[in-house]
Every structure is written in C-alpha cells, then in structure tokens.
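Residue numbers start from 1 in every chain, and the chains themselves are labelled A, B, ... in the order their sequence lines are given, proteins ahead of strands.
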2 protein chains.
Amino acid sequence: MNNESLKGHLDFLLLSVLANGAAHGYAVIESLRQQSGGHFDLPEGTIYPALHRLEAQDLLKSYWQENAPRRRRVYELTSKGQKVLAQRREEWQAFSKAVNATAGI
Amino acid sequence: MNNESLKGHLDFLLLSVLANGAAHGYAVIESLRQQSGGHFDLPEGTIYPALHRLEAQDLLKSYWQENAPRRRRVYELTSKGQKVLAQRREEWQAFSKAVNATAGI
DNA sequence: TCTTGACACATAGTATTACAAGGCTTAGAA
DNA sequence: TTCTAAGCCTTGTAATACTATGTGTCAAGA
C-alpha cells in the first residue's frame, strides 16, 4: 500500500494481471484492486511508467485501440513476457517461502 | 537476493531474527542465511545500515559486548520493536495473501 | 614469518523504484 | 453548462538495498 513493500514485485503483479488477457492501463488498475481484494489500489503514476518499462523490456506490447469511446492503449503479454512471468512466479514463491521460514511462519 | 524484491521487507526479517534473541550484526547475517535456507545471503553493507536505522527508530537497542574475543555490537528488540514486529508480521501476511490472490496462487 | 581468510564493524556513493503532483483530453450525467 | 469519471502522460522526490572500500583482529597454514 503506502509503504515500500511493493518494490520489486510490481512487475510480477502487472504480468499476472495481463496473463488473464490484454487490457489498457486503467483497467489494469481496476483488476489489481479487485483481484487483490482491495489491497492494491495503485495510482496512475505508478502503473503507467511500469507498463512503459515492461514494454521497453519486450515483456509487453501495446497498441492504440480503435473504435473505442475514449483513446486507450491496450497492453498484452509477449511470448518473452510469458516466460518471464513464469520465472517471476517461481521467484516470488521462493521469496515468500524464505520470508515465512525466516519469520517462523 | 540480487534484485529489488527485498525492499520494504528487510526490517521485518531483521526484527524476526532478533525476536529469537539478541545478536550482533555478523550473527544476524548468519541467522538470516540459515533460517531462510540460504536464500538471504545479504552483504554487510545491507545489514549494518539497516540495524542502525532500526535503532534510530527505537525498535532496537544495542551495546558493545565486553569480554568477547572480538569487539561486537549486540542488538536486541525493544518493547516498541516487539509491537512493530507483530504489526509487520500482519502486514506481510496481508501483502503475500494479496499477491497470491492477484497472481492466482 | 607471512599470508590468507574468517570475523566484525563502518560509511560514502549509486541505481532503482514506487509514488506524489501536476497536466491534458473526452464522454456522459446532472 | 458544469461536473465527474475515464483515460493517458511526465517530472521530480524520497526511500532503499547494495557496491565498494576501509578499518582492525585472530587463527591457521604455507
């Protein structure tokens, strides 16, 4: 939420959300909020730069959606993004397991 | 490890380790390595500043250990530190639960 | 003896990051 | 018309873990 705990995990979350299907930035924010049970209510200044970063790393590709009531840039996973997502998933599980073990949980 | 995933969680780990008993910096590094199954092998440049930070926040107190073969600064939890640890523990559990829910784990 | 490595502490500087704060546009409701 | 939500963007900032480097002690081996 309002602390530093998200750092280093945001990319994993974004890739996870987009693994459910292509979506534009505002929808990603919505999905994050809903799927996390309201825990991740992230500002646009967090999401948009992160999406740009992931696209620059070839983990996402994007296009302007035509025939939409408002202009929307839609993002979707690349094949590289899918591989990296699988990797990030394992890293997250190893990380959380290690934290739990250290904390006696 | 070598990425940013630790950010915001290191304090929780340090408090957790010291909840098992007072220890000096080098021993904290050892405990972190062992309790995490080798996952957290953190350099001294990470640990010492973090311990100082926690002490500055009154979550730890420290003293130079006398009659030791080498000079050691021993850290232990304050009562405030214990309370904050319990709080951090809940935050971690809520956070990891939210990540898992978002990622479909 | 000399050297290597483990033990033990410390700090200055760096890169990365999430976020705050602001700005822009458009559609639909009040 | 006015307002709000949708939708995108960027600049600057604070916090953080880490790299690199320095200090010194001690034990063991070459």
Handout entry: Main-chain N/O of A:Leu59 paired to A:Thr78 side chain as donor or acceptor, under 3.5 Å
Key = yes
Handout entry: Donor-acceptor under 3.5 Å (A:Lys80 side chain, A:Leu60 main chain)
Key = no
Nearest whole Å is fine: how far is [N] [atom2] from [X] [atom1]?
| X | N | atom1 | atom2 | value |
| --- | --- | --- | --- | --- |
| B:His24 | C:dC7 | NE2 | P | 9 Å |
| A:Arg53 | C:dT16 | CZ | C1' | 8 Å |
| A:Arg70 | C:dG28 | CZ | P | 7 Å |
| A:Glu44 | C:dA18 | CD | C1' | 14 Å |
| A:Leu54 | C:dT16 | CG | P | 15 Å |
| A:Arg73 | D:dT10 | CZ | P | 10 Å |
| B:Tyr26 | C:dC9 | OH | P | 9 Å |
| A:Ile47 | D:dT10 | CD1 | P | 15 Å |

Fill in the blank from the handout: Sorted by position of nearest nucleotide on DNA chain D, 5' first, the leading residue of A:Thr46 and A:Arg72 is A:Arg72
Exercise for the section: State whether B:His52 places a side-chain N or O below 4.0 Å from either non-bridging phosphate oxygen (OP1 or OP2) of C:dT11. Expected result: yes
Handout entry: N/O (side chain, A:Tyr48) to phosphate O (OP1/OP2, D:dC8) under 4.0 Å
Key = yes
Problem - Comparing B:Pro49 and B:Glu30 on DNA chain C - which has the more 5′ nearest nucleotide - result: B:Glu30
Handout entry: Residue that, paired with B:Gln65, satisfies side-chain contact (heavy atoms from CB on, under 4.5 Å) out of B:Arg72, B:His24, B:Arg71
Key = B:Arg72
Practice task
Please evaluate the base of C:dT16 for a donor-acceptor partner in the side chain of B:Lys7 within a cut-off of under 3.5 Å?
Solution key: yes
Practice task
Check the side chains of B:Gln35 and A:Thr102 for a donor-acceptor pair under 3.5 angstrom, ignoring hydrogens and angles.
Solution key: no
Exercise for the section: Measure the acute angle between the ring planes of B:Phe95 and A:Trp92, then classify it against the limits of 30° and 60° as parallel, tilted or perpendicular. Expected result: perpendicular
Exercise for the section: Give one of base, sugar-phosphate or nothing for A:Gly45, where a contact means two heavy atoms less than 4.0 Å apart. Expected result: base
